[in-house]
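First up is the structure itself, then whatever we jot down about it.
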Amino acid sequence: MSKQINVALIGNPNTGKTSVFNALTGLNQKVGNYPGITVEKKEGVCKLPRGVKAHIIDLPGTYSLNASSLDESVVIELLLNKNDKDYPDVAVVITDVENLKRNLLIYTQIKDLEIPTILVINMSDRMAYKGISLDIEKLEKQLDTKIALISTRKGKGIDNLKDLISNYKTLSIEPCLNTQDIDTAYFEGLKKAFPNQSLYKLWLVITQDVNFGKIDRNSIKDASDFKTKSNVDLKRLQQKETIKRYQYINNALKEGQTIDLNSAKDLRIKMDRILTHKVWGYLIFFLILLTIFQAIYDWAEVPMDFIDSTFASLSEWTKNVLPSGAFTSLLAEGVIPGLGGIVIFIPQIAFLFLFIAVLEESGYMSRVVFLMDRIMRRFGLSGKSVVPLISGTACAIPAIMATRNIESWKERLITILVTPFTTCSARLPVYLIIISLVIPEGRFLGLSYQALTLMLLYLIGFGAAVGSAWILNKILNIKSKTFFVVEMPNYKLPLFKNVALTVIEKTKSFIFGAGKIILAISIVLWFLASYGPGEQFNNAEEIITEQYASENLSQDELNQKIASHKLEYSFIGITGRAIEPAIRPLGYDWKIGIAIVSSFAAREVFVGTLATIYSVGSDEEATIKNRMAKEINPVLGTPLFNLASGISLLLFYAFAMQCMSTLAIVKRETNSWKWPILQLTIMTAIAYIVALIAYQFLK
Amino acid sequence: MNDIIQNILVFSSLAIALLFLIKKFVWASKKKAAKACGSNDCGCH
């Protein structure tokens, strides 16, 4: 059996840690630029020379071993606990060649834990551009380790890194700093009290701001023959330690690094000046958003029409080819239209993720975070809240988990509570189908009304999030400290491979994740719509034939009436009519009511549900959009999906919680049912009231 | 005969669909709470 070693990848955010992880393991994961993207621990296996296998752990980005947030404490807990199964045999510290000085702080701390440590200097392809030259031999001597100079963008230096990892036993574990130099008297006392322990480990445990799950800090503080210092004194000693570390780093860099400022071409400063400008910055961001929404509509139209008509033909083909019967109907009227209701949105979702991936990869997203911090502060949020709010455009679940890097509990709680207002990709199918039904196709200044409506809905979602944050900030009586640090990565041309992988991965998980639920719900809904109790359902043919005997209806018209009557008295019809009084004031009929209830499992189920219900009552070949457009309001006799009911539905989905999984994650992250229940109640109430006002006003 | 087979297929599909939904939303809720979804999508769809 080959030997396996544990390798921990550690480093500041935005040093390309995840890219190194991808290069070593071959696992295709997301590479982003905004702060703290690596919230979860990522693992992979890498084959090294001489038959050695490495278990690689990609740890959350952290600036130092002084944790200020939950995800940073993960790193420290692992490095302090030798009994952890993931405790590294070797630590690989990733640094960015342009920020070497700052990135080396954590390197010196890890080395002082007496863990064999390799230093990786990434983004070497930027050196010439920035006028940086390195003397690796001198740096290795000064920093007492082995260095791998790599460029993950150009794929250079990875083999050298693998060689260094496989030879980790030859690395020096001498500390960079003698811990006792920080305060001789204090550390001598500590050494006497705990003679067999590493001084620096003890020091780290004593000085952390966060509590650890596995390490008992009180056992150190309460030792009878050792008196620790007050928090103020400890902070002073921490500052002294940091100064000493930077003195060590400066000495090392003086020998091994030269920067020729005359040859550095700094386009970045010029671009930052414009992109983060207090007027132009917002204007450019707004224009980028406009372009994205316009492109989503214009580029996706042709493939969407193709998918829609293909599913309609497939449904018809199934009916004609398979022997007639209940199962054929289930396939043709339940499964195929239900799945068509989700597959149709592949082009638009792919385009949305394409734009988000390009913005992240290029480094622009971090500028948006910086830009938004100015606005966010006024509403009780921090710039870091923008990350979850933007991630929320994909899905609220990872977005809520991304709040873990917000240090202040109050800001974190508010962000968790308001993030579900952001327009997630699951809302997109609902918006797109309703907009195409009720918003005319004209253009204003070259932008289609439909694209503008979609953008408006995104802004409403964002506005609702920010507005509720402001209210929560006033209401919640929680005291906590707040500060904001954002890493501005360099501008880069997005790598095609990374963008393509993000688009494929996101679209795939959207389609396959949703697909299984929609398939199951379509089967259940078809059953409920095709079977029913009592006389009215079982004798539908006799009842309708007798009822319309005097009218001269054609056979097709008569069949249509029978199908509608059966649907009305089916299980789903009975349930739908029971909830209809509650939703009629919003302009919805019982079929929409069923779609709303079933979409509580996942919002995008709404379209698939309607597609299934409408196709059960219809014999003709038609696309989902056409079926919905033909629906008539039984009370008013007008099209069911008109401007009033359409806007009402759009607003309902903009504000309603409608996602079971988000509620489960909120419960987990807040460790209480109080917050998710409050969130569900308030969001549903707002959605109902806004939809009611919109319909009553517009009808 | 055709009707019987078709009905068996329908009810089997229904049973599988119901089992899947129950497993996904009722039994899995505790398991899901303990398992993070990371930076990938979350299975909420």
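A note on names: the letters A, B, ... follow the listed sequences, proteins ahead of strands, and every chain is numbered from 1. Computed from a predicted model, the values in this text were never measured in an experiment.
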Check your understanding: Step by step, would you call B:Val10 with A:Trp526 a side-chain contact (heavy atoms from CB on, under 4.5 Å)?
Key -> CA-CA 10 Å; B:Val10 163; A:Trp526 175 88; 3.7 Å; yes
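- B:Gln6 places a side-chain N or O within donor-acceptor distance of the main-chain N or O of A:Pro323, the cut-off being under 3.5 Å.
- Summarising the geometry, atom CG belonging to A:Leu331 is positioned 7.5 Å from atom OG belonging to B:Ser13; distances are rounded to the nearest 0.5 Å.
- Taking both residues in full, the closest heavy atoms of A:Ala520 and B:Ala17 are given as O-CB, 3.6 Å, listed atom of the first, atom of the second, then distance.
- Here the OH atom belonging to A:Tyr531 is positioned 4.5 Å from the CZ atom belonging to B:Phe11, to the nearest 0.5 angstrom.
- The line from CG of A:Leu528 to CG of B:Leu14 is 7.5 Å long, rounded to the nearest 0.5 Å.
- In this structure, the portion of B:Leu21 lying under 4.5 Å from any heavy atom of chain A is its side chain and not its backbone.
- Within the model, atoms CG of B:Leu18 and CZ of A:Phe527 stand 8.5 Å from one another, a figure rounded to the nearest 0.5 Å.
- Only the backbone of A:Ser324 comes within contact range of chain B, judged by heavy atoms closer than 4.5 Å.
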